[in-house]
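Take a look at the structure below.
By convention in this document, chain letters (A, B, ...) are assigned in the order of the sequence lines, proteins followed by strands, and residues within each chain are numbered from 1.
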Amino acid sequence: MGSRYLIRKVVGAAFTIMLIVILNFVLFRMMPGSPDRILLRNPNVSAAAVAAARARWGLDDPLPIQLVDYLKSTATGDLGYSFKFHGEQVTDVLLSRLWPTVILFGLGEVLAIIFGLALGAYSGWKRGGPIDYIGNGISLILYSMPYFVIGILILGVFAIGLHWFPTSGMLTIGGGDESFGSQLLDFLGHLALPVTTVAIGLIGQYSILMRSSVIETLGEDYVTTARGKGLTSGRILRSHALPNALLPAVTLIAINLGYVIGGAITVEVVFNWPGLGTLTVDALEARDYPILQGIFLLLSISVVVANLVADLIYGRLDPRVRA
Amino acid sequence: MTAGAIPEATIRNERLRLRLKAIRSFARRFTNRPDGVLGVLVLLVFVILAVAPNLFVGDLQTATTASGASLDPPSATHLLGTDELGRDILNLTIHGTRISMIIGLLATIVTILLGVFVGIVSGYVGGRVDVFLMRITDFFLVLPTFVLALILAPIILDLIGANSSVFGIRVTLLVIVVVIGVTSWASTARIIRSQTLSVKERAFVGRARVIGSGGGHIMWRHILPNVMNLIVANTVLVFGGSILTETTLSFIGLGDPFAPSWGQVLNAAESAGALGLGAWWYVVPPAVCIVLVVLSFTLVGSALDDVLNPRLRVRR
């Protein structure tokens, strides 16, 4: 791919990350009370730690120098101390909550992409057919439901009503001495409902996206040409329409990631899943600003990076955008 | 050709006739979309509930005026049961309509004003201003705005205090309105900018410039009326999105317990552990209302988009 395209995209993403970090700095200053007042209010941090943090953040320097220092400490992963979690480093708290969220949303996204794109592609192909009619209706309804409403309904029916799955958490409490196999089963049992919720919440959007993308592609000249050559409609769909329809759909999925993360936080709350979402809500209740800022930084940088990756893949697959 | 040759009244009549014709043709095309019409009807019902909730269920019940026992299942006196404080769920849900709709409306106004202003200025002025404004817009498009809203809301609340009120509206609600508006204008700005770019190339804009109209006048009198179609369709879609965001923010605990929106009711149900106690009647009514309203806004919005968006209309 053209190196100019690559450089432009990488520079753009770096610029955005820079803006995010600066925004984080500004929000930090806006906070009620100066940063060290907040640190002092926290009884779990010793006086020596406060003095060290003040020196490290350069709180006695003028603002521009503070900004530079702030950038330095952020770059080295020093995000300050949590109020709520006994003065732990924000980075450590975030890391310990990261992987449950990655598993939950990684798996949910994969399921939603497979089923959503398949449903959308089929609906668009058989436009006006019964599957399209029902599928599009259901997709629109799902699209209008906040994730936590889907979660509450699923929880109510399958965990509380039918007792098929556990209601909350990630592992059964007090089940530590079992074999690895039964622990894994326990984990999967707890994972099933939240993952289903995330997947169902996304399937609606993805299928609507893919449907319109397929319909658009089926109107292109090369599809008419393929039809003129006498290809079967299955062959046209597989080798002509689908590859071209997939491209914009996948990009839009990457762009939508930011919205998805936000709404999906609530799924963790409904199922009490010990990830970043429940951490966010706990931090909100305790007004634990360092944690909140850390989460904002982590999530927004991940979204920017995901967008960059999507852009680069798109550039690799579609020569037209490189120009 | 002089304008004096045609009497003023004829011009006025002609203008009126054209406008009526446009409205009639719009109505005809819109009523061809049964999903859009259905959405309008559902929204009408909710608007009536929002305007006069007291007519249907009386005043909003509080912990002290609660009329039933704790978590009563649906019965003849409490059609949808009661919550953990004994408040009637039907009462809460119908009053929630008003709060959800008002927050949605105000947040939509903020979003649309910001988005339209940035979009028109960026598209019309162009150059460095355009580059600068679009950089900011792209930044807000990429940002997980909901997470930004999550940290902005408590910061602003702590700065100004949660219990004050402005013009009789509680500050917590206003903060939610501002936060939703500030974090969701970007896509509107993009849409309006691209339409502005095409409108400003039309002949009448050039003519207005030739007779000496200033930039502000042209944007206000010539560009704005010509992007109005898009603004209308976008407003309806943004309205649904705002209600969705408000619901999620309240559910997470950023709402106002003294002015319960649907999200706030669900938040209360969650903290009371209503589902675990089998109190489905606490959860289902607000959830159904949210889905109905947001779905209707989506249906009306996409029907309007099809009817009003010139780009889509040419294609069919």
Carefully, step by step, assess A:Ile152 and B:Phe251 under the rule side chain to side chain contact (heavy atoms under 4.5 Å, CB included). CA-CA 12 Å; A:Ile152 287 176; B:Phe251 177 71; 4.2 Å; yes
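- With chain B as the partner, the residue from A:Thr280, A:Ile295, A:Val270 showing the most heavy-atom pairs under 4.5 Å is A:Val270.
- Contacts between B:Val147 and chain A at a heavy-atom distance below 4.5 Å involve backbone atoms as well as side-chain atoms.
- Options B:Thr248, B:Asp35, B:Asp138 differ in how many heavy-atom pairs under 4.5 Å they form with chain A, and the most are formed by B:Thr248.
- Taken to the nearest 0.5 Å, the CD1 atom of A:Ile20 stands 9.5 Å off from the CG atom of B:Leu148.
- For the pair A:Ile265 and B:Leu150, the minimum side-chain heavy-atom distance is below 4.5 Å.
- Looking at A:Phe148, only its side chain comes within 4.5 Å of chain B, counting heavy atoms on both sides.
- For B:Ile243, no part lies under 4.5 angstrom from a heavy atom of chain A.
- Contact of A:Ser302 with chain B is not made at all, since no heavy-atom distance falls under 4.5 Å.
- Contact of B:Leu244 with chain A is made through the side chain alone, with heavy-atom distances under 4.5 Å.
- Considering only heavy atoms from C-beta on, B:Phe139 stays 4.5 Å or farther from A:Val304 through its side chain.
- For A:Phe15, the part lying near chain B is the side chain, with the backbone staying farther off; criterion is any non-hydrogen pair under 4.5 Å.
- Looking at B:Leu299, only its side chain comes within 4.5 Å of chain A, counting heavy atoms on both sides.
- When the candidates A:Ile141, A:Ile301, A:Leu155 are compared by the number of heavy-atom contacts under 4.5 Å with chain B, A:Ile141 comes out ahead.
- Options B:Thr245, B:Val284, B:Thr247 differ in how many heavy-atom pairs under 4.5 Å they form with chain A, and the most are formed by B:Thr247.
- Counting heavy-atom pairs closer than 4.5 Å to chain A, the top-ranked of the candidates B:Leu266, B:Val293, B:Leu141, B:Ile290 is B:Leu266.
- Side-chain contact between A:Phe296 and B:Leu143 is present, with heavy atoms from C-beta onward closer than 4.5 Å.
- Only the side chain of A:Val281 comes within contact range of chain B, with heavy atoms under 4.5 Å apart.
- Both the backbone and the side chain of A:Leu140 come within contact range of chain B, each with at least one heavy atom under 4.5 Å from a heavy atom of that chain.
- Heavy atoms closer than 4.5 Å to chain A are found in the side chain of B:Thr298, but not in its backbone.
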